[in-house]
Amino acid sequence: MRAVLEARQKAAVVQVEELAAELERVRAALAEAEELLRRRVIGLEQYLEALAEADAPADVAGGVPPRKPVGPRRAVPHRQDAPGVEVLSVDYQAVLAAAAEAGADGLGARRAAVVLGWDSASASRVEGARARLKRLVERGWLVEAKPGRFTLPAPEQAGAGRPGGGS
């Protein structure tokens, strides 16, 4: 009987050692996958930043007005330079309308992706919507009071810089 119990114990020890080795392999694979994910997230962020910079209007010397972009690129003018939301593309107008509907809660990137007609389950589409929201913040059309929540600027902020604060 003792020999049977010792054999079972040895088998259990072997199984524990095999599982421990497998656990180390899985941990190493997980660490590699996490590093790959981190690099891909950074790459996507850099790509979106480059897109945002490409959409930024260039400073033109000599007072010559900049030409309108050619092709599918849509420039977003600074709010103080624009007479109204009509200068924005239909997509940006829809995003601003959704931000107005969201009120004080603010509009999130996932909801903005839905407003744009994109798949909100796709991370790249949600990040694209976030980039558009950030662009609207940079140009004064929206504010990001809380991280990831975009709202219309308060009326006193919207009229800042205009004489009398009116529109």
Side-chain angles (χ1 to χ4, degrees), residues 27 29-167:
R27 283 185 177 156
L30 176 62
E32 289 176 15
E34 286 174 339
E35 177 61 21
L36 177 63
L37 174 62
R38 186 186 69 77
R39 289 194 318 261
R40 297 234 168 115
V41 166
I42 290 170
L44 176 62
E45 288 172 353
Q46 289 174 343
Y47 173 73
L48 292 174
E49 286 174 8
L51 283 178
E53 288 174 7
D55 283 346
D59 291 334
V60 179
V64 177
R67 295 186 318 173
K68 290 189 177 186
V70 177
R73 182 175 160 206
R74 295 188 176 116
V76 178
H78 287 274
R79 185 174 186 165
Q80 66 269 17
D81 298 337
V85 294
E86 303 81 33
V87 298
L88 296 174
S89 71
V90 176
D91 288 346
Y92 284 113
Q93 290 179 25
V95 168
L96 288 177
E101 287 177 20
D105 293 337
L107 178 66
R110 192 168 300 277
R111 176 70 184 128
V114 171
V115 167
L116 293 167
W118 298 344
D119 179 16
S120 65
S122 169
S124 64
R125 290 298 193 174
V126 172
E127 287 303 315
R130 186 180 329 280
R132 286 189 177 205
L133 290 166
K134 293 280 189 177
R135 189 171 307 122
L136 287 169
V137 168
E138 290 170 1
R139 310 286 164 67
W141 293 97
L142 292 176
V143 293
E144 187 176 11
K146 296 183 221 171
R149 306 309 296 177
F150 301 86
T151 59
L152 294 175
E156 59 273 0
Q157 287 177 323
R162 292 188 179 173
S167 50

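These values consider heavy atoms only, across backbone and side chains, with no hydrogens, waters or symmetry-generated copies.
Atom CG of L116 and atom CZ of R111 lie 10.0 Å apart (nearest 0.5 Å). For the atom pair CG (L96) and CG (D91), the distance works out to 11.0 Å, reported to the nearest 0.5 Å. Distance CZ/R110 to CG/D119: 9.0 Å, rounded to 0.5 Å. The distance from the CD atom of E144 to the CG atom of L133 is 8.5 Å, given to the nearest 0.5 Å.
With sequence neighbours excluded, the residues that form a side chain to side chain contact (heavy atoms under 4.5 Å, CB included) with V87 are P77, A82, P83, W141. Every residue was checked against the side chain to side chain donor-acceptor pair (under 3.5 Å) condition with Q93, not counting sequence neighbours, and none meets it. For E34, there are no side chain to side chain donor-acceptor pair (under 3.5 Å) partners, not counting sequence neighbours. Taking the side chain to side chain contact (heavy atoms under 4.5 Å, CB included) definition, one finds that R39 meets it with E35, L36, sequence neighbours left out. When the salt bridge (charged side-chain N to carboxylate O under 4.0 Å, His left out) test is applied to R130, the partners found at least two apart in sequence or on another chain are E127.
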What pairs of donor and acceptor atoms, side-chain ones from residues 147-155 against any protein atom, are under 3.5 angstrom apart with sequence neighbours left out?
unit_1	atom_1	unit_2	atom_2	d
R149	NE	D105	O	3.2
R149	NH2	G106	O	2.7

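Listed here is the closest heavy atom pair of S120 and A113: CA-CB, 4.4 Å. Between A98 and V115, the shortest heavy-atom distance links the atoms CB-CG2, 3.6 Å.
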